[in-house]
Amino acid sequence: MTSDRQAELDALFDRLFNGFQRPILNYLYRLLGDRDRAEEVAQDVFVKAYRALPRLDADANHRAWLYRIATNAAYDQLRRRKVIQWLPMGDRERTVAGSGSPEAALGERQAVQQALEQLPPKYRTALILFCVQGYSTQEIGEMLGISVGAVKTRLYRAREMFRESFGEDI
Amino acid sequence: MRCEEICQQLAIYRELPPGERADVDRHLDRCPVCLAAKERYQAQDQILAALEEIAPSREWAAQVLDQTVRRPSRAPLRWGWARALAMVVAALVILTLGTFGASAQALPGGGLYPVKRALERARLNLTRDEARRLEYMQELAERRRQEVRAVVEGDRSAEVQFQGELESSHDSFWIVDGIEVEVGAQAIELGPSLVGQVVSIMAQVEEGHIRASDIRVQQVPGPTPTASSAVPTATPTAAPVTATARPTSTAMPTATQTSSPYPSPTATATPRIYLALTTPDAHATRVHELRQTVWAAVRLPTPTPPPQVTPWPTGELPALPDVLPTWWPTGVPWPTDWPALAGTVSAEMQTRIAEYADQMGWHNWPQAGGTPHPWPSMPAIVVPTGLPDLPIPPIQPPSGESPWPSWPGGGEDDEEGGGWPGP
């Protein structure tokens, strides 16, 4: 590979990394439920992406491609380490301090994360990409390699499962 | 459109084209069920969108770039430079091997301790076989505990992290795999319900005391949908987390969040407790109990507790008044031991006895709510035969549920008559 070509790829990777390090890390964090694991997997994702960059088509959808790598890496992690999962609970004395307090907000966020982690990975993925990261069903379909109709179905089921696991009428 | 189709549309309501959205809205005008679904989904959108983001740390970003764009150049070297480089590399290898060797004995707080942990993490990541991985994780867990003991015995100060089985909970401390850990009020309160569980402790060791700043208990979830292996049934102690794991860092209320997700032990007055659940299939009751605790912690409505089972009363029955009920079998002695009747009385007889006890105001019978009163000691009474039948006042059925505990064996299986044993 010529040095010019390498410089182009490095510049492209820099742009991708700067633009997607935060969303990819947060996506994996919501999927895996643990920051350490999310950082490990995100690091692997970008290293794999860097190595695969020379083979990528010039007109490829880089975002979808990165998310596809991240999703597959997350699924591998979930399969491999399915024995362990943290279930955080906030300080009880603080959370009863009153609604709107930071402690109550922390407890609710933890409850939401817990409810997310109860969902099967493929439904969790769709819900996170749509509701947390704000992507459209078309974009999600490209990321996950499925049709828009399949995305809609997963979202509907994910919402119903989330409602059951969250425990309130939400 | 049917309601299920509408709900599927509602799941992606924000991106519906105007025409479809109008159709859905018209349906919502006349369907309160679907309208409620829409409101639920909107609430879900709000709470999910409010999830706090984590920011990539500079160290993490640097690690990624070091492995990608900043990797060493592949340009060919001249022989002179190659020789010099080879010597430098050899020196580094020798130094590294020496460092790695020395790091094996490093303790928390020591300069080489991060090297030791990094080597352990690398070995764990390279171990693909699941059984060996679990074995190594258990070895690491035991190594962490030995380090804690060494730090305490050496009267050193350090931040430690270890996990083990909660053996006992006391007024101000826990015993975790033989290690005494000072814990806060919430841990003391929950301690008895967590005995036997594997807990992960982050603590500060000072002057021989171990003070917990972060306590977690493990959860073992069910399988992922694509997993081909069986549902994991291992107890929490069989699959400990790696010693390098850190807790989720959603809004840790400390000023050091950007440098370390763990709160500083001195900054947190009360240890944070993270609760774990065993597999729901294996311990459904435990899940129910712990879920109540979680709901209470996050101020969600407490689910209805499982119904209380009234314990079976023991002891002798109270003395009868002057007459027996007319339905009492002739020649049958009045029982003196209530449990002896279990399984021998029909449902009809059980109901009659309950009504009679209520009529007679026998307050020593078990009341609704399940707390039995102590039975009085009464002499055995032999019922004479030939007593005249006297009118019995109208019997009011007991209100609410029957105060009687359930009969072992049930009164409905009255295949053998279910009556009293013969004299």
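All chains are named by letter (A, B, ...) in the order of the sequence lines, taking the proteins before the strands, and each is independently numbered beginning at 1.
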(request) Could you tell me the separation between the CG atom of A:Leu25 and the CD1 atom of B:Ile54, rounded to the nearest 0.5 Å? (result) 4.0 Å
(request) Output yes when a side-chain donor or acceptor of B:Arg40 lies under 3.5 Å from a complementary backbone atom of A:Arg163, and no otherwise. (result) no
(message) Please classify the contact of A:Ile128 with chain B as side chain, backbone, both or neither, using a heavy-atom distance under 4.5 Å.
(response) neither
(message) I'd like to know whether CZ of B:Arg21 has more than 12 heavy-atom contacts from other residues, nucleotides or ligands below 6.0 angstrom.
(response) yes
(request) Any chance you could measure A:Gln113, atom CD, to B:Leu51, atom CG, to the nearest 0.5 Å? (result) 6.5 Å
(message) Would the distance check show the side chain of B:Asp45 and the main-chain N or O of A:Cys131 forming a donor-acceptor pair, the cut-off being under 3.5 Å?
(response) no
(request) Please check if any side-chain donor atom of A:Tyr156 sits under 3.5 Å from a side-chain acceptor atom of B:Glu5, or the reverse. (result) no
(message) Counting only non-hydrogen atoms closer than 4.5 Å, can you tell me which residues of residues 132-147 of chain A sit against chain B?
(response) A:Val132, A:Gly134, A:Tyr135, A:Ser136, A:Thr137
(request) Please lay out, stage by stage, how A:Phe17 and B:Val69 fare under the test side-chain contact (heavy atoms from CB on, under 4.5 Å). (result) CA-CA 11 Å; A:Phe17 184 64; B:Val69 294; over 6 Å; no
(message) Here's one to test your reading of the geometry: is the NZ or CZ of B:Arg14 within 45 degrees of the ring axis of A:Phe130 and under 6.0 Å from its centre?
(response) yes
(request) Can you tell which part of A:Ala42 gets under 4.5 Å to a heavy atom of chain B, answering side chain, backbone, both or neither? (result) both
(message) Just verifying a value: how many Å separate B:Tyr41 OH and A:Leu155 CG, rounded to the nearest 0.5 Å?
(response) 10.0 Å
(request) Using non-hydrogen atoms and a 4.5 Å limit, figure out which bit of B:Ala50 sits close to chain A: side chain, backbone, both or neither. (result) backbone
(request) Could you tell me which of B:Glu53, B:Gln67, B:Gln63 has the largest number of non-hydrogen atom pairs under 4.5 Å with chain A? (result) B:Glu53
(request) Indicate the atoms forming the closest heavy-atom contact of A:Arg35 with B:Ala55, along with that distance. (result) NH2-O, 2.7 Å
(message) Quick check against the 3.5 Å criterion: does B:Gln8 have a side-chain atom that pairs as donor or acceptor with the backbone of A:Lys152?
(response) no
(message) Once rounded to the nearest 0.5 Å, what's the spacing between atom CG of B:Leu65 and atom CD of A:Gln21?
(response) 8.0 Å
(request) Report the C-alpha distance between B:Asn125 and A:Glu40 in whole Å, list the side-chain angles of each, state the deciding distance to 0.1 Å, and finish with yes or no for side-chain contact (heavy atoms from CB on, under 4.5 Å). (result) CA-CA 10 Å; B:Asn125 288 339; A:Glu40 276 181 42; 3.8 Å; yes
(message) Quick test of your reading of the model: are A:Asp10 and B:Arg70 salt-bridged, counting only N-O distances below 4.0 Å?
(response) no
(request) Counting only heavy atoms closer than 4.5 Å, note whether A:Phe13 contacts chain B via side chain, backbone, both or neither. (result) side chain
(message) Would you compute the distance between atom CZ of A:Arg159 and atom CG of B:Leu10 and round it to the nearest 0.5 angstrom?
(response) 9.0 Å
(message) With a 4.5 Å cut-off on side-chain heavy atoms, are A:Asp36 and B:Arg121 touching?
(response) yes
